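Everything on this sheet refers to the single structure shown next.
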Amino acid sequence: MSVKPEDFFKNIISHCKEYGYIFQSSEIYDGLSAVYDYGQNGAELKKNIREYWWKAMVQLNENIVGIDAAIFMHPTVWKASGHVDAFNDPLIDNKDSKKRYRADVLIEEHVAKIEDKINKEVEKAAKRFENFDAAMFKSTNARVLEYQKKIDDINTRFKTALNENKLDEVRQIIIDCEIVCPISGSRNWTEVRQFNLMFSTAMGSVSEDASTIYLRPETAQGIFVNYLNVQKTGRMKLPFGIAQTGKAFRNEIVARQFIFRMREFEQMEMQFFVKPGTEMKHYEEWKQKRLAWHLSLGLGENNYKFHDHLKLAHYANAACDIEFNFPFGFKELEGIHSRTDFDLKQHEQFSGKKLQYFDIEQNESYVPYVVETSVGLDRLFLSILSASYKEEQLENGETRVVLNLPPALAPIKIAIFPLVKKDGLPNLAESIMNDLKFDYALSYDEKDTVGKRYRRHDAIGTPYCITVDHQSLEDKTVTVRSRDTMQQERISIDKLFTYFEDKVSMKSLLKKL
RNA sequence: GCGGAAGUAGCUCAAUUGGUAGAGCUCCAGCCUUCCAAGCUGGAGGUUGCGGGUUCGAGACCCGUCUUCCGCUCCA
């Protein structure tokens with residue numbers, strides 16, 4: 001393909017708009033940044049992807065059930081999850097290098113440097129003395145104590161500043177510590193600003209009585225807070241999973257790359273509850289299962305790779321991403337995390353309710369460990385669309401724009417055309433349509449030459465076109481033209497249903513798993 | 001928030017040193033009846049992102065403003 005990568009991505013974005021897949025939100029009012037709407041075809045494709053995921057997770061796994069938790073949740077949920085604190089990053093800019101940093105990271109790195117100094121002192125001393133007692137040395141050596149006092153002072157100040165939301169003080173700490181920008185080397189800092197990464201709104205119609213609640217930044221917490229409800233009412237035994245799809249919201253500073261980063265996006269998550277100690281086995285298992293699910297779409301094995309997290313979040317003991325080869329490079333598509341018992345323990349603590357599982361074999365109760373699979377539906381949509389989008393050079397020199405979507409996911413499965421708009425061909429086409437419409441998403445088109453109609457549906461990604469011609473009136477056969485091969489074959493009208501069944505049904509895709 | 005780019009018809013783009021907005025495609029109606037986007041006729045569609053200024057006259061020049069896109073940060 002001779003198209004430059006950045007142009008290729010631009011072409012995909014225009015294609016999405018031109019063919020009713022994705023529109024900018026509120027476009028007639030000049031749009032809203034990082035928010036997009038799904039059009040008539042986009043909504044179908046998205047729904048089909050979601051359905052494929054849901055069936056693969058819930059319907060094909062006896063020990064997984066699905067829920068649909070509300071977007072609004074009790075504010076304490078987000079205290080327990082750590083989002084209230086962790087998602088309030090204080091940011092600071094260096095005026096010379098124009099680089100932005102997280103103020104807390106700058107301070108933490110500074111503290112880490114001092115800790116390094118302590119360690120060096122300890123190492124030096126260890127070489128010097130036999131029977132060296134590190135703990136003793138740390139608690140007595142004057143220089144170490146001085147360093148340690150510095151660290152403690154900084155940490156105390158920083159904690160207080162954050163708790164009291166005093167951003168001036170955070171900046172003052174950076175200045176007092178003489179922290180410099182790693183790029184410019186200068187101490188020319190802006191004031192510290194805080195960016196709310198969670199959207200908040202007010203619940204309660206009377207403003208004085210209203211309380212702040214958040215739009216969920218992830219769907220997972222809706223599963224955790226319902227874990228015991230589902231386990232009890234569903235009589236679930238470990239290991240078991242709870243799946244959920246739904247919107248999540250992040251009030252990011254800016255967002256880029258089309259629907260790859262959006263303020264409002266949809267997640268498809270499954271939290272798998274397991275016996276402590278078995279989590280790594282399940283983690284590995286889900287890595288493979290989820291990769292197999294992606295590969296079943298047939299977009300090319302080389303477009304996927306695992307990316308193991310070296311630096312783990314505080315709640316995880318193993319984590320990786322499945323990355324996809326987007327037009328702008330390999331980027332995260334799905335995350336698989338071993339989240340330990342962190343979330344449930346946090347909710348036990350904040351709610352004061354026991355969230356334990358009674359293991360009848362061991363005759364004891366414990367908080368289960370959790371293995372999470374979390375995929376972005378919009379990202380999945382983009383991965384499928386961008387891998388399917390082709391600008392083909394045909395033998396006759398023409399170009400053809402085609403979406404080679406997995407047939408089972410295509411918004412329209414079959415388009416039906418009368419070859420010409422007379423001689424009763426439209427009637428026959430309509431009657432075929434009326435037979436098939438209960439099983440397949442169809443589209444009828446009688447405008448323009450048939451070649452033009454084929455190309456139009458190539459661009460939408462419709463895998464098959466049925467054309468009714470004069471021969472159809474005589475022998476009750478039609479031509480079926482394939483999007484991918486552009487080949488036609490003649491099929492008897494009464495065999496159409498079975499002809500298409502294994503080609504475009506969700507069932508055929510699920511059977512590959 | 002900072003830096004850069006850009007806003008003219010549904011889409012892609014024109015409009016000379018400032019002289020009252022035009023083409024192709026799309027769309028709609030009709031003709032033609034044809035198996036891979038290209039036939040014919042007619043038609044619709046724009047307060048040039050918005051507001052102000054300069055000027056006899058602004059799509060163009062100046063100021064402001066809004067929005068989008070790209071980069072920095074964050075992230076599924």
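What you see is a predicted model; the values in this text were computed from it and never measured. Labels below follow one simple rule: chain letters A, B, ... track the order of the sequence lines, proteins then strands, and each chain is numbered from 1.
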(request) State whether the number of non-hydrogen atoms from other residues, nucleotides or ligands found under 6.0 Å of A:D494 atom CG is greater than 12. (result) yes
(message) Ignoring hydrogens and geometry beyond distance, is a side-chain donor-acceptor pair present between A:S14 and A:N11 at under 3.5 Å?
(response) no
(message) With a 3.5 Å cut-off and heavy atoms only, can you find an N or O donor on one side and an acceptor on the other between the side chain of A:R481 and the base of B:rC36?
(response) yes
(request) Using whole Å, report how far NZ of A:K422 lies from C1' of B:rG30. (result) 14 Å
(request) Starting at atom CZ of A:R216, determine the distance to atom P of B:rA76, rounded to an integer number of angstrom. (result) 15 Å
(request) Determine whether the side chains of A:Y283 and A:N317 contain a donor N or O and an acceptor N or O closer than 3.5 Å. (result) no
(request) Could you work out the separation of B:rG10 and B:rU48 based on their P atoms and round it to a whole Å? (result) 13 Å
(message) Near RNA chain B, counting only heavy atoms under 4.0 Å, which residues of residues 376-385 of chain A show up?
(response) A:R379
(request) For B:rG59 versus B:rG4, give the span between their C1' atoms, rounded off to a whole number of Å. (result) 24 Å
(message) Taking pairing as Watson-Crick or G-U wobble with both contacts under 3.5 Å, can you name the mate of B:rG51, or confirm there isn't one?
(response) B:rC63
(request) Look at all strands and tell whether A:E218 reaches a base, only sugar-phosphate, or nothing, counting heavy atoms closer than 4.0 Å. (result) nothing
(request) Pick the P atom in B:rU41 and in B:rC25, then give their distance to the nearest Å. (result) 12 Å
(message) Given B:rA37, B:rC36, B:rC35, identify the nucleotide with an atom nearest to the side chain of A:M486.
(response) B:rC36
(request) Determine the Euclidean distance between corresponding C1' atoms of B:rC50 and B:rU16; express it in Å to zero decimal places. (result) 28 Å
(message) A side-chain contact here means heavy atoms from C-beta on lying under 4.5 Å apart; do A:K287 and A:D308 qualify?
(response) yes
(request) Could you let me know what B:rC56 is paired to, Watson-Crick or G-U wobble, both distances under 3.5 Å, or none if it's on its own? (result) B:rG19
(message) Under 3.5 Å for both donor-acceptor distances, Watson-Crick or wobble: does B:rC2 have a partner, and if so which one?
(response) B:rG71
(message) Once you apply a heavy-atom cut-off of 4.0 Å, does A:T467 come out as touching a base, just sugar-phosphate, or nothing?
(response) base
(request) Flag as yes if A:Y454 stacks onto the base of B:rA37 (centroids under 5.5 Å, planes under 30°), otherwise no. (result) no
(request) Taking the six-membered ring of A:W53 (Phe, Tyr or Trp), confirm whether the NZ or CZ of A:R50 is under 6.0 Å from its centre and within 45° of its axis. (result) no
(request) Identify which one of A:Y304, A:F260, A:F306 satisfies the ring-ring contact (aromatic ring centres under 6.0 Å, His included) criterion when paired with A:F324. (result) A:Y304
(request) Decide yes or no for A:M270 and A:N61: does some side-chain heavy atom of the first lie under 4.5 Å from some side-chain heavy atom of the second? (result) no
(request) Could you verify whether a donor N or O on one side chain and an acceptor N or O on the other, from A:E269 and A:Q244, lie under 3.5 Å apart? (result) no
(message) If I take atom CD in residue A:E372 and atom C1' in nucleotide B:rC75, what distance separates them, rounded to the nearest angstrom?
(response) 14 Å
(request) Considering only atom P, compute the distance from B:rG19 to B:rU26 and round it to an integer number of Å. (result) 32 Å
(message) Taking any heavy-atom pair under 4.0 Å as a contact, classify A:F417: base, sugar-phosphate, or nothing.
(response) nothing
(request) Could you give the distance separating B:rC63 and B:rU20 at their P atoms, to the nearest angstrom? (result) 25 Å
(message) If the cut-off is 4.0 Å, is A:Y36 near the phosphate of B:rC69, judged by side-chain N/O to OP1 or OP2?
(response) yes
(message) On the six-membered ring of A:Y499, is A:K503 placed so that its NZ or CZ lies under 6.0 angstrom from the centre and within 45° of the ring axis?
(response) yes
(message) Taking the six-membered ring of A:Y38 as reference, does the cationic atom of A:K46 (NZ for Lys, CZ for Arg) lie under 6.0 Å from its centre and within 45° of its axis?
(response) yes
(message) Checking base pairs now: Watson-Crick or wobble, both atom distances under 3.5 Å. What partners B:rC31?
(response) B:rG39
Listing time: all N or O pairs from protein to nucleotides 7-14 of chain B that are below 3.5 Å?
{"residue": "B:rC11", "atom": "OP1", "partner": "A:K17", "partner atom": "NZ", "Å": "3.0"}

(message) Any donor-acceptor pair under 3.5 Å linking the side-chain atoms of A:H83 with those of A:Q221?
(response) no
(message) Can you say whether a donor on the side chain of A:D469 sits under 3.5 Å from an acceptor on the base of B:rC35, or the other way round?
(response) yes
Between the protein and nucleotides 23-29 of chain B, are there any N/O to N/O pairs under 3.5 Å, and if so, what are the atom names and distances?
{"residue": "B:rU26", "atom": "OP1", "partner": "A:K452", "partner atom": "NZ", "Å": "3.1"}

(message) Measuring only between side-chain heavy atoms, which start at C-beta, is A:K413 closer than 4.5 Å to A:F500?
(response) no
(request) Determine the interatomic distance between P on B:rG53 and the same-named atom on B:rU8; round to the nearest Å. (result) 24 Å
(message) Measuring only between side-chain heavy atoms, which start at C-beta, is A:V401 closer than 4.5 Å to A:Y389?
(response) yes
(message) Say we look at B:rG46 and B:rA15: how far apart would their C1' atoms be, to the nearest angstrom?
(response) 14 Å
(message) What is the distance, to the nearest angstrom, from the CD atom on A:E392 to the C1' atom on B:rA37?
(response) 14 Å
